[in-house]
Amino acid sequence: MLILGIESSCDETAAAVVEDGRRIMSNVIASQQHLHRKYGGVVPEIACRAHVEAIVATLDEALAEADVTLDDLDAVAVANRPGLIGALLIGLTAAKSIAWARELPLAAVSHIHAHLYANILNEPGLPMPFVGLIASGGHTSIAICRSVMDMDIIGSTTDDAAGEAFDKVAKILELGYPGGPIIDRLARDGDPNAFNLPRTYLEPGSLDFSFSGIKTAVLYAWRGQPGRMRGTDGHKGAASPEAVPDMAASFQEAVVQVLVDKTLDAAGRHGVSHVAIGGGVACNSRLREVLTQKAKTENITVHVPPPALCTDNAAMVAGLAYHYVNSGLTAPLDVDAFSRL
Amino acid sequence: MAGGTQEIESRSVEQTLELGRALGESCRGGEVIALIGELGSGKSLFTKGLAAGLGIDRPDHVTSPTFVIINEYPGRLRLYHVDAYRLGGADDLDALGIEEIIDSGGVVAVEWADRVSDCIPGEAITVRIDITGDSRRRLIISWPRCFRFDNVTLL
């Protein structure tokens, strides 16, 4: 079964052709990152316009690269939740148009579920159940996957997403956008213990996250606190260019530690010995390193897809949709887009 | 705007939540709340309190709207949590249908409202948050004549 998948939930316009939920025949991604850089984040109006401009060429390229035409397709798939409404609507409208014109079944899948599926796409023999950590600029969730179609979210952020914290801290440190790769790179030359930043675990046993406090803590440590400038460590209130790598490393270490601890805690409490990751933050080198190290001591195997399948892509959408279509879960042509899950 | 103003010092996260809740409990529907304050000042935190006062289920799960721009929560009154952090200006919010949302009868909380001031009605409630210390914040709440709000006393 050949499925054309479309993904447009944020700032990547992506299309892919996947056969039988396994074989990636094409995986095309048109990034808009350059358009959003000067704003320090994705600007919805710009994102929507860029999706409109890119979608047809991206679809053409995905079909051409797979060496197929619309006539060869068995279904069309799209991620219709969660994400930026205006952005989701572009991909959804394109998918509906093709489904309607070609009388093909339409599958509307969850972007988060698709990120988890990216692990199965990358490694078809991935043992189930597994615990998945999906962390990006818009989402931070822990899920348990018992089978391809049986996935439950068991923890989520209660305020900022992990990637959002990277972006906002990069803004405080005036490093540019997107913050994740920049902080990852700078942190390599920094001391992760230079600044004492909080790790927020919420109530004992909680699998939820909170990354708002660390952003505020970075702000204090960087700019100094009004009315209470004297801190216990020498750096406090002394924002200097030389301290940037130290702050980047300290911040990254704190975020990574919480992500790793909660993910492994989830695996432990559900008696699961396999952990998978996804989302843009899953590209972070320190996260991969610490997760792999710590998991080893707990006899847990970590599965890490290549960056192209971690960040937003349409292959994961087309792949997951195979199972939707096989389970009879097709969507009507009036299916809507949703900003939240 | 001849309503009222209260300047109050919050000494903790809990007190900021309490102030938000008090404001939420005073809402009757149709209010626009303009939240102004720098990164990390507690705008989203205040909104969690506001959500509690609006009778929203699990207000602790009111998350940052930075990524999706507008989050919506059903409650005694529907809360629209808007974030203008990444917007270029009022035009962007217009394109997202902010006028319809404001006219919907719910309560609209707009973070970084100073970036989209053209979208904020004259009769909006303004909450300005300044960082005055580690967990201390000075909040200045201003409301229009048509809004009834009793000054809050924090213990």
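Just so it is clear, the structure is predicted and the values come from calculations on it, not from any experiment. So that the names make sense, note that chain A is the first sequence line, chain B the second, and so on, each numbered from 1.
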State, with a plain yes or no, whether a side-chain heavy atom of Ser64(B) is found less than 4.5 Å away from one of Lys168(A).
yes
If I measure from the heavy atoms of chain A, does Val62(B) come under 4.5 Å with its side chain, its backbone, both, or neither?
backbone
Check: Phe67(B) and Ser136(A) side chains under 4.5 Å, non-hydrogen atoms:
no
Taking CZ in Arg199(A) as the centre, count heavy atoms belonging to other residues, nucleotides or ligands within less than 6.0 Å. Is the count above 12?
yes
Surrounding CG of Asp57(B) (heavy atoms of other residues, nucleotides or ligands, distance under 6.0 Å), is the total greater than 12?
no
Side chains of Lys171(A) and Tyr85(B): does their closest heavy-atom pair fall under 4.5 Å?
yes
When only pairs under 4.5 Å are counted, which of Ile46(A), Thr216(A), Thr158(A) shares the most heavy-atom pairs with chain B?
Thr158(A)
Surrounding CD of Gln33(A) (heavy atoms of other residues, nucleotides or ligands, distance under 6.0 Å), is the total greater than 12?
yes
Side chain, backbone, both or neither: which part of Glu72(B) has a non-hydrogen atom closer than 4.5 Å to chain A?
backbone
How long is the straight-line distance from CG of Asp167(A) back to CZ of Arg86(B), given to the nearest 0.5 Å?
8.5 Å
So what's closer than 4.5 Å to chain A heavy atoms on Thr47(B): side chain, backbone, both or neither?
neither
At a 4.5 Å cut-off on heavy atoms, which part of Ser212(A) comes close to chain B: side chain, backbone, both, or neither?
neither
For Leu219(A) versus Leu39(B), what's the shortest heavy-atom pair and its separation?
CD2-O, 3.1 Å
What part of Ile70(B) gets within 4.5 angstrom of chain A, counting heavy atoms only: side chain, backbone, both, or neither?
backbone
Tell me whether Glu9(B) at atom CD has more than 12 heavy atoms from other residues, nucleotides or ligands lying less than 6.0 Å away.
yes
Rounded distance [0.5 Å steps], CG in Asp83(B) versus CD in Glu164(A)
7.5 Å
Flag side-chain contact, heavy atom, 4.5 Å: Val68(B) against Ile85(A)
no
For Arg78(B), is the CZ atom crowded, meaning more than 12 foreign heavy atoms sit under 6.0 Å from it?
yes
Run the side chain to side chain contact (heavy atoms under 4.5 Å, CB included) check on Arg340(A) and Asn71(B) step by step: do they pass?
CA-CA 8 Å; Arg340(A) 293 153 61 82; Asn71(B) 272 332; 3.4 Å; yes
Of Leu87(B), Thr66(B), Asp60(B), the largest count of non-hydrogen pairs under 4.5 angstrom with chain A goes to Thr66(B)
